[in-house]
Amino acid sequence: MAVDAITIVKNLLAFYDFKGKTIISVGAGGGQFIEYARNAKKVYAVDNDKTALNALSNNLTKVNLDHKFTLIHSEFENIKLSADVVLFEFCLHEMKDPKTSINQALALAGDVMISDHWPDSEWAYLVDEKEKTTNSWSALNTFEFKKIQRYNTVQKFVDYEELFQKVKVQGETTIKRIEKYIDRKNYEIPMSYGFALI
């Protein structure tokens, strides 16, 4: 895995206590951060990508967490559940209207927890998400934070092909930006991210 998911989950658990909580996890597909739910009561995992939900299902079975999760293939705006916390898993920047999504989350749960790339992250620029993350943090900044924290990590790759396979879905701008890594081996790309609780 290119990013150190273990450390991100450790930071997430230090930032917010999920123990005994019912969680609506938005953008949960894939499941690289599922260990945060080990002590949770229940997780409604929402994603609009069926393939990502299938990957999440497989990962949940591997780590024996499938009994805690209900997988929901849907756009977040269609969700009518209630929970203790809504967790946006590195996806708020992909929402059509981040502010509306945050308001909806506040209507569904007492706490709203956002994990997302930091706007000035080199990784966000490389994968052509700088503008999106800037917009989502701008929307977040219109709310009062209970808590906010920035973290720095790296994405690690053995070669260009591994990087290319990870980011090719991001489009032509990203593919052009990663050209500088074509001849590099065993390298790191800085990634800054943050957690915000509202």
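Each residue takes its place number in the sequence, starting with 1. What you see is a predicted model, and the numbers here were worked out from it, not measured in a lab.
Side chains of Ile23 and Tyr36 form a contact here, defined as non-hydrogen atoms less than 4.5 Å apart. A 4.5 Å side-chain heavy-atom check between Ile178 and Leu126 finds at least one atom pair inside the cut-off. The side-chain heavy atoms of Val127 and His117, taken from C-beta on, include no pair separated by under 4.5 Å. Looking at Phe164 and Ile175, their side chains come closer than 4.5 Å, going by heavy atoms from C-beta outward. Counting only heavy atoms from C-beta outward, the side chains of Ile102 and Thr142 never approach each other to under 4.5 Å. Within the 4.5 Å cutoff, the side chain of Thr133 has no heavy atoms near those of the Ser121 side chain. Using a 4.5 Å heavy-atom threshold, the side chains of Asp47 and Leu56 count as separate.
Neither side chain, Thr7 nor Tyr151, offers a donor N or O lying under 3.5 Å from an acceptor on the other.
Hydrophobic clustering (side-chain heavy atoms under 4.5 Å, transitive across Ile, Leu, Val, Met, Phe, Trp, Tyr) keeps Ile6 apart from Leu65. Both Ile24 and Met95 sit in one connected hydrophobic cluster of ILVMFWY residues. Membership requires side-chain heavy atoms under 4.5 Å apart, directly or through other members.
Looking at residues two or more places apart in sequence or on another chain, you find a side chain to side chain contact (heavy atoms under 4.5 Å, CB included) between Thr100 and Asp97. For Glu129, the side chain to side chain donor-acceptor pair (under 3.5 Å) partners two or more places apart in sequence, or in a different chain, are His93, Gln170. Applying the salt bridge (charged side-chain N to carboxylate O under 4.0 Å, His left out) criterion to Glu77, with sequence neighbours excluded, gives Lys96. The salt bridge (charged side-chain N to carboxylate O under 4.0 Å, His left out) test applied to Lys130 returns no partner, not counting sequence neighbours. Remark: Lys68 engages no residue in a side chain to side chain donor-acceptor pair (under 3.5 Å) (not counting sequence neighbours).
Closest of all the heavy-atom pairs between Leu71 and Ser57 is CD2-CB, 3.8 Å. When all heavy atoms are compared, the tightest approach of Leu140 to Phe145 is O-CZ, 3.7 Å. Across all non-hydrogen atoms, the minimal contact from Leu87 to Ser115 is CD1-OG, 4.4 Å. Between Ala37 and Val43, the shortest heavy-atom distance links the atoms CB-CG2, 3.7 Å. Taking all atoms of both residues into account, the shortest heavy-atom contact from Phe157 to Glu162 is CA-OE1, 3.2 Å. Residues Ala45 and Phe69 approach most closely at CB-CD2, 3.9 Å, considering heavy atoms.
Side-chain N or O atoms of Arg150 include none that pairs as donor or acceptor with a backbone N or O of Ser192 at under 3.5 Å. His73 places a side-chain N or O within 3.5 Å of a backbone atom of Asn48 that can act as its donor or acceptor partner. Under a 3.5 Å cut-off, the side chain of Tyr187 and the backbone N or O of Asp159 do form a donor-acceptor pair. Listed for the Ser138 side chain is a donor-acceptor partner under 3.5 Å among the backbone atoms of Thr134. Of the possible polar contacts, none joining the Trp118 side chain to the Trp137 backbone as a donor-acceptor pair under 3.5 Å is found.
Within the structure, ring-ring contact (aromatic ring centres under 6.0 Å, His included) contacts touching residues 47-68 (residues at least two apart or in different chains) do not occur.
Exactly one of Ile79, Ile72, Asn78 qualifies for a side chain to side chain contact (heavy atoms under 4.5 Å, CB included) with Phe76. That residue is Ile79. Remark: of the listed residues Phe90, Phe18, Phe88, Phe90 is the sole one forming a ring-ring contact (aromatic ring centres under 6.0 Å, His included) with Phe33.
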Legend entry - Working for salt bridge (charged side-chain N to carboxylate O under 4.0 Å, His left out), residues Lys41 and Asp84: CA-CA 10 Å; Lys41 180 179 178 182; Asp84 298 302; over 6 Å; no
Legend entry - Step-by-step side-chain contact (heavy atoms from CB on, under 4.5 Å) determination, Asn11 to Phe15: CA-CA 6 Å; Asn11 290 338; Phe15 185 87; over 6 Å; no
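The ring of Phe195 has its center no closer than 6.0 angstrom to the ring center of Tyr16.
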